[in-house]
There are 2 protein chains.
Amino acid sequence: MDSMGEQGAGQVKGETRAVVLAAVRLFTEAGYEATTMAEIAEATGMSRRSLFRRFRSKEDILFAEHDELFETVVRYMEASPETPVDTVVSAARLVFQGYVGAPEITVPRYRLVRAHPRLRDREVAMTARYQAAFSRHLARRTGEGRPSLEVEVVAAAVIAAHNHVLRGWLRDPAEGAVWERFGETMDRVHALAGSLLEGAEAGNEGAERVLVAVYPSGVERTELLRRVADAVAPPS
Amino acid sequence: MDSMGEQGAGQVKGETRAVVLAAVRLFTEAGYEATTMAEIAEATGMSRRSLFRRFRSKEDILFAEHDELFETVVRYMEASPETPVDTVVSAARLVFQGYVGAPEITVPRYRLVRAHPRLRDREVAMTARYQAAFSRHLARRTGEGRPSLEVEVVAAAVIAAHNHVLRGWLRDPAEGAVWERFGETMDRVHALAGSLLEGAEAGNEGAERVLVAVYPSGVERTELLRRVADAVAPPS
DNA sequence: CTGGTCTCTGGCACTTAGTGCCGATATTTG
DNA sequence: CAAATATCGGCACTAAGTGCCAGAGACCAG
């Protein structure tokens, strides 16, 4: 069989994608538990042993692309010149892109994940990894040691917002305007994040400010504007 | 061997606790993977088969008490007369109590969890279950169908805050003032939750609205106010 | 071309989690 | 007491995951 010079540090193989697609097909047709590693090996032309070598477990086949994406996202954050919050939001966008850009994997996987608690746990673990990575990034870039409460809440909020939009898309991938929804949603958490972390931004000279106003829906507009004017009055 | 009338619907057994403690001891002494179910069975005086019947898997032994706690928390929320946000915060307090009230299980488990990715995933999955339960509770009590973005962000924030304090305690269970820290932290997310969900509380007649504005810090106040005025103009 | 090392691969055997089945033994019910 | 029922323990079985080894191909030095 043909060989191809590869090895690198956790880089995609191309062959990986084929295996994942084959596995997804088998899982969907015959059921996750009913499909054995031997069958996957046969379907992909590799030996059972080599299959276990490349993917450490049956679950790992299903989430192989996800793992690669995670590596990519972490590297992206390390290299990003944006502010910490912007970087994390962009990273979330990258993850979202990873899903909607590969529906032939992520959509059937979503069905499998919903049906099998073990797989669900695994999916959840992935998002937890992202959340932890976001927290670490925010903490480092704002000069903290361990992530502070604010940082962890912001990371959790970004993840929650991401998942909120993602689940909507996964339930109905055909429906359009996903990116509009994503952008709009992220803008909202971005504002929240800004208000929670205000002043902690790295070199926050020309940083943006955020105003959050909560008001009864019946209030007069002029009254509202007066209150806003008070709120944006110079602090000290 | 002595028998004791039991069965109930997922109720504690008392015997359960003994098995968990024995398993924790074995895992700690010999390592998690090195300890087999047969050994746990022998150590607890039951047969391997019965062990698998009571706890569905090896992991489940370690998290058995956690599962029971989850059931308790869900029932608590269903019966709580408090406002949704208060209920969720109290529920988080219950979970926290579940940890600090059983350090002989949770502390060594923390060490095991940190060392074994599989167990870590399982722990993460538990917190995700709580977060989902919180979201559902908030959504139901505020008359929504699916949890809204705000609801999910609040649930995520409460969980993040809970875990923030919990991890601190797990790292150093001896250090006191845990409950003060917990209370103070929860107060802060409670305020955040209140502002995010304000107006959606049960019986939300005079609902409030939220305005979030993000603006460059250098912008003129008059210009900002003009933009805000535009933003709050009646929609359609 | 030849011998040596290094790596990837596949085959084989083995351990162990987890399950189905069945007979024995309480436990409850009439 | 007898019958129905649930629980328990033993046995056998499937399949995930691992260690070991031997063979095939790549690369290098002589």
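Because the structure is predicted, anything quoted here is derived from the model rather than measured. Order of the sequence lines sets the chain letters (A, B, ...), proteins ahead of strands, with each chain counted from 1.
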A.B. asks: Reading nucleotides 14-24 of chain D 5' to 3', which nucleotides get B (base under 4.0 Å from a protein heavy atom), which S (sugar-phosphate only), which -?
C.D. replies: -SBBBBB----
A.B. asks: For A:His162 and A:Tyr99, which I'm curious about, is there any donor-acceptor pair between the side chains at under 3.5 Å?
C.D. replies: no
A.B. asks: Taking side chain as C-beta onward, heavy atoms only, is A:Val89 less than 4.5 Å from A:Glu82?
C.D. replies: no
A.B. asks: If you take the centroid of each ring, where Trp contributes its six-membered ring, are A:Trp169 and A:Phe182 closer together than 6.0 Å?
C.D. replies: no
A.B. asks: Taking atom CD as the centre, does B:Glu39 end up with more than 12 heavy-atom neighbours from other residues, nucleotides or ligands that are less than 6.0 angstrom away?
C.D. replies: yes
A.B. asks: Can we call the ring centroids of B:His66 and B:Tyr130 under 6.0 Å apart?
C.D. replies: yes
A.B. asks: Going by heavy atoms in the side chains, are B:Phe27 and B:Ile40 under 4.5 Å from each other?
C.D. replies: yes
A.B. asks: Distance check, rounded to the nearest 0.5 Å: A:Leu112 atom CG versus A:Arg122 atom CZ?
C.D. replies: 14.0 Å
A.B. asks: Going by heavy atoms in the side chains, are B:Thr28 and B:Arg111 under 4.5 Å from each other?
C.D. replies: no
A.B. asks: Roughly how many Å is it from CE in A:Met46 to C1' in C:dG11, rounded to a whole number?
C.D. replies: 14 Å
A.B. asks: In residues 20-27 of chain A, which residues come under 4.0 Å of DNA chain C by heavy atom?
C.D. replies: none
A.B. asks: At under 4.0 Å, does any side-chain N or O of B:Ser50 touch on OP1 or OP2 of D:dC8?
C.D. replies: no
